[in-house]
Amino acid sequence: MKFKSPPVNSLSLDFITEFCIGLEKLENNRECRGVIFTSAVPNIFSSGLDITEMCGKSMEHYAEFWRAVQEMWLRLYGSNMVTVAAVNGSSPAGGCLIALTCDYRIMVENPKFVIGLNEAQLGIVAPFWFKDTFVNTVGHRVAERSLQLGSLHSASEAHRLGLVDELVPEVKLQEKAAAVMAQWLALPDHARQLTKSMMRKAVLDRLVAHREEDVQNFVNFISKESIQKSLRMYMEMLKKKKR
């Protein structure tokens, strides 16, 4: 599955909706046992959640958007398929979350590419299920420091921290992703699926049990004037960069 939503594959409500529909079709196709996620946009895997969905909109819109984000994560993290992230560009925030949900992460070895949950830099707090996914991948201390600082890690640093499993040159990425997929698919599906479920169930159940509360927390937080101001400033900064 290639992300193609120029310029930066930002996760808008439309993008997330299409993504979830596509994922559901693959899940329902018995012939499909695994999926590789990568980007068709140069130098970016995904820039994360679309800030325009969180700025200057109604509370109803914020709630609808956040439910879609939850749905995307629940489907991905709980997927029965083998999921491999072939990260061929920078992957901040929600882009990093997509990679974190996968069973295996391969990143292109390029000093310009970064990955991490950098929400704190925008004045936003990563929700508990972002945090849980991160902790399960890199451990508590690394996650705590990275989340507080809103760190974006270089590919080599991400590999050292265990945020990505492997680094490869760009020309070898698809070949490596296919080889990893073959290795995982060589196992009987039922044993792998049950093991995956056992490892991830507690984290998935926690969001399911607190889903509406999480939506309300997001809506209350994002609609605060101080947060809206911070997002507007960030958007202005991005516009100036583009100029």
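Salt-bridge formation is detected for the pair Arg232/Glu225: a Lys NZ or Arg NE/NH1/NH2 atom is positioned less than 4.0 Å from an Asp or Glu carboxylate oxygen. By the 4.0 Å N-to-carboxylate-O rule, Glu109 lies too far from Lys172 to be salt-bridged with it. Checked for salt-bridge contact, Lys239 and Glu236 meet the test: a charged N lies under 4.0 Å from a carboxylate O.
Counting only distance, with no hydrogens or angles, the side chain of Ser197 and the backbone of Gln193 share no donor-acceptor pair below 3.5 Å. Counting only distance, with no hydrogens or angles, the side chain of Ser223 and the backbone of Val219 share a donor-acceptor pair below 3.5 Å.
The local environment of NZ in Lys196 is crowded, with over 12 non-hydrogen atoms from other residues, nucleotides or ligands closer than 6.0 Å. Crowding of His61 atom NE2: a count of heavy atoms from other residues, nucleotides or ligands under 6.0 Å exceeding 12.
Scanning both residues, Met1 and Gly22, for their nearest heavy atoms gives CE-C, 4.0 Å.
Judged as a salt bridge (Lys or Arg N to Asp or Glu O under 4.0 Å), the pairs with a partner in residues 198-211 (not counting sequence neighbours) are, in order, Glu71-Arg211, Asp103-Arg200, Asp132-Arg206, Lys201-Asp205. Residue pairs satisfying the salt bridge (Lys or Arg N to Asp or Glu O under 4.0 Å) criterion with at least one member in residues 151-160, sequence neighbours excluded, are listed as follows: Glu157-Arg160.
For the residue pair Glu213 and His210, a side-chain donor N or O sits within less than 3.5 Å of a side-chain acceptor on the partner. Side-chain contact check for Tyr62 and Glu53: no donor-acceptor pair (N or O, by modelled atom type) lies under 3.5 Å. For the residue pair Thr52 and Asp50, a side-chain donor N or O sits within less than 3.5 Å of a side-chain acceptor on the partner. Donor-acceptor pairing under 3.5 Å is lacking for the side chains of Glu170 and Asn88.
Listed by chain and residue number, Trp66 satisfy the ring-ring contact (aromatic ring centres under 6.0 Å, His included) test with Phe218 (two or more places apart in sequence, or in another chain). Under the rule for a ring-ring contact (aromatic ring centres under 6.0 Å, His included), the partners of Phe3 that lie at least two apart in sequence or sit in another chain are Phe15, Phe19, Phe45. Qualifying side-chain hydrogen bond (donor to acceptor under 3.5 Å, both in side chains) partners for Ser79, counting only residues two or more places apart in sequence or in other chains: Glu27. For Phe113, there are no ring-ring contact (aromatic ring centres under 6.0 Å, His included) partners two or more places apart in sequence or in a different chain.
At a threshold of 4.5 Å between side-chain heavy atoms, the hydrophobic network of Ile, Leu, Val, Met, Phe, Trp and Tyr places Ile51 and Met237 in one connected group. Met107 and Leu152 are members of different hydrophobic clusters when ILVMFWY side chains are connected at heavy-atom separations under 4.5 Å.
Val180 is listed as a side-chain neighbour of Ile106, based on a closest heavy-atom distance under 4.5 Å. Two residues are said to be in side-chain contact when any heavy atoms from C-beta on lie closer than 4.5 Å; Val41 and Ile44 meet this criterion. In this structure the side chain of Tyr104 never reaches within 4.5 angstrom of the side chain of Val164, judged on heavy atoms. Side-chain contact between Phe37 and Val84: absent, with no pair of heavy atoms (C-beta onward) separated by less than 4.5 Å. When side chains are defined from C-beta on, His153 does not count as touching Val114, because their heavy atoms never get closer than 4.5 Å. Between Arg145 and Ser151 there is no side-chain heavy-atom pair separated by less than 4.5 Å.
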